[in-house]
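Below is one structure; the comments refer to it alone.
Here is the naming used below: chain letters follow the sequence lines, and residue numbers restart at 1 for every chain. Every heavy atom of this structure was used, including side-chain atoms; hydrogens, water molecules and symmetry mates were not.
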2 protein chains.
Amino acid sequence: MEAGHHDAHACDAAVSLAFTILGKRWNGMIIDALGGGPLSFAVLRRTVTGISDAVLSDRLSELTEASLLSRVVDPGPPVSVTYALTPGGERLLPVLEQLGQWASENLAVPQRA
Amino acid sequence: MEAGHHDAHACDAAVSLAFTILGKRWNGMIIDALGGGPLSFAVLRRTVTGISDAVLSDRLSELTEASLLSRVVDPGPPVSVTYALTPGGERLLPVLEQLGQWASENLAVPQRA
DNA sequence: GGAGTCGCTATGAATAACAGAGTGACTAAC
DNA sequence: GTTAGTCACTCTGTTATTCATAGCGACTCC
């Protein structure tokens, strides 16, 4: 019981930490999109349906700052920027896959408008 | 390659679905807190450090509506309300545990103010 | 009666996300 | 040379969400 209590306490802080990233709209989906390989800003914008330029730019900065993404600039011309998962970012993918599986088995699909 | 592409596409929609719940602030942590067993509103309020009454109330309603939580009223007196995970909610716990593990291994702990 | 807890609701303030316009650098088509 | 498009963002006003806090009726305890 104490062992279990200790584990639950450890999970609380770590889960909170996880949600400092994943509790912000779009981060999980950006990371998931990059699971297929490095992408440019424009491709991410189109792949993560519904996100705005401004929010995408903010999120990419935060995720890069958190060392989950790397931002690689090819000086060109034309200049191009590619975002890729870091190893830490990649380690989230199997968990995201499980989240997706859980969702498809346990959440109702929203009604179509 | 096509099989891999198909999988990635399936994950995208399902991951999006997962984040309709988990991409809102506090939901992951509420579910995690209830992983230890049913709790009252007030205990949840104290356990999920930093959440306000109003948002907790909103979140509990949404999670109940999404069939991840059940809300049980003991008529009393005094009246008391208990929230518990449904089986679907419980099935998220192992994934949350993995999220916590990922976070503790891959995210920097924020500096203390 | 007063103070406290419970399970919320209400409300204004602060913050996050949205919606869309804009920039300079570049390319392609005419 | 001009026009239109794409890229990788930045900017700005609007809308939505979250925060902070007060308050309510029901109840308990002193």
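Among residues two or more places apart in sequence or in another chain, the side-chain hydrogen bond (donor to acceptor under 3.5 Å, both in side chains) test is passed with B/N106 by A/R91. Every residue two or more places apart in sequence or in another chain that forms a side-chain contact (heavy atoms from CB on, under 4.5 Å) with B/V81 is listed here: B/R71, B/V73, B/Y83. Scanning for side-chain hydrogen bond (donor to acceptor under 3.5 Å, both in side chains) contacts around B/R25 gives an empty result, with sequence neighbours left out.
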Please lay out, stage by stage, how B/S57 and B/F41 fare under the test side-chain contact (heavy atoms from CB on, under 4.5 Å).
-> CA-CA 8 Å; B/S57 178; B/F41 185 97; 4.0 Å; yes
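For the residue pair A/A33 and A/T47, the shortest heavy atom distance occurs at CB-CG2, 4.0 Å. Here the shortest heavy-atom pairing between B/L17 and A/A108 reads CD1-O, 3.8 Å. Residues B/M29 and A/S16 share a closest heavy-atom pair of CE-OG, 3.2 Å.
For B/E90, the CD atom is densely surrounded, since the number of other residues' heavy atoms within 6.0 Å is greater than 12. Counting heavy atoms of neighbouring residues, nucleotides and ligands inside a 6.0 Å radius, atom CD of A/E105 exceeds 12 of them.
Nucleotide D/dC7 holds its P atom 11 Å from the CZ atom of A/R45, rounded to whole Å.
We find the CG-CG distance between A/N27 and A/L68 to be 8.5 Å, quoted to the nearest 0.5 Å.
Scanning DNA chain C 5' to 3' for nucleotides with an atom closer than 4.0 angstrom to a non-hydrogen atom of chain B gives a first and last hit of C/dC6 to C/dA10.
A heavy atom closer than 4.0 Å to some atom of DNA chain C occurs in B/R71, B/S80, B/V81, B/Y83, these being the qualifying members of residues 68-85 of chain B.
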Could you pull out the protein-nucleic contacts involving nucleotides 10-15 of chain D (nitrogen or oxygen on both sides, under 3.5 Å)?
from: D/dT10; atom 1: OP2; to: A/S57; atom 2: OG; distance (Å): 2.9

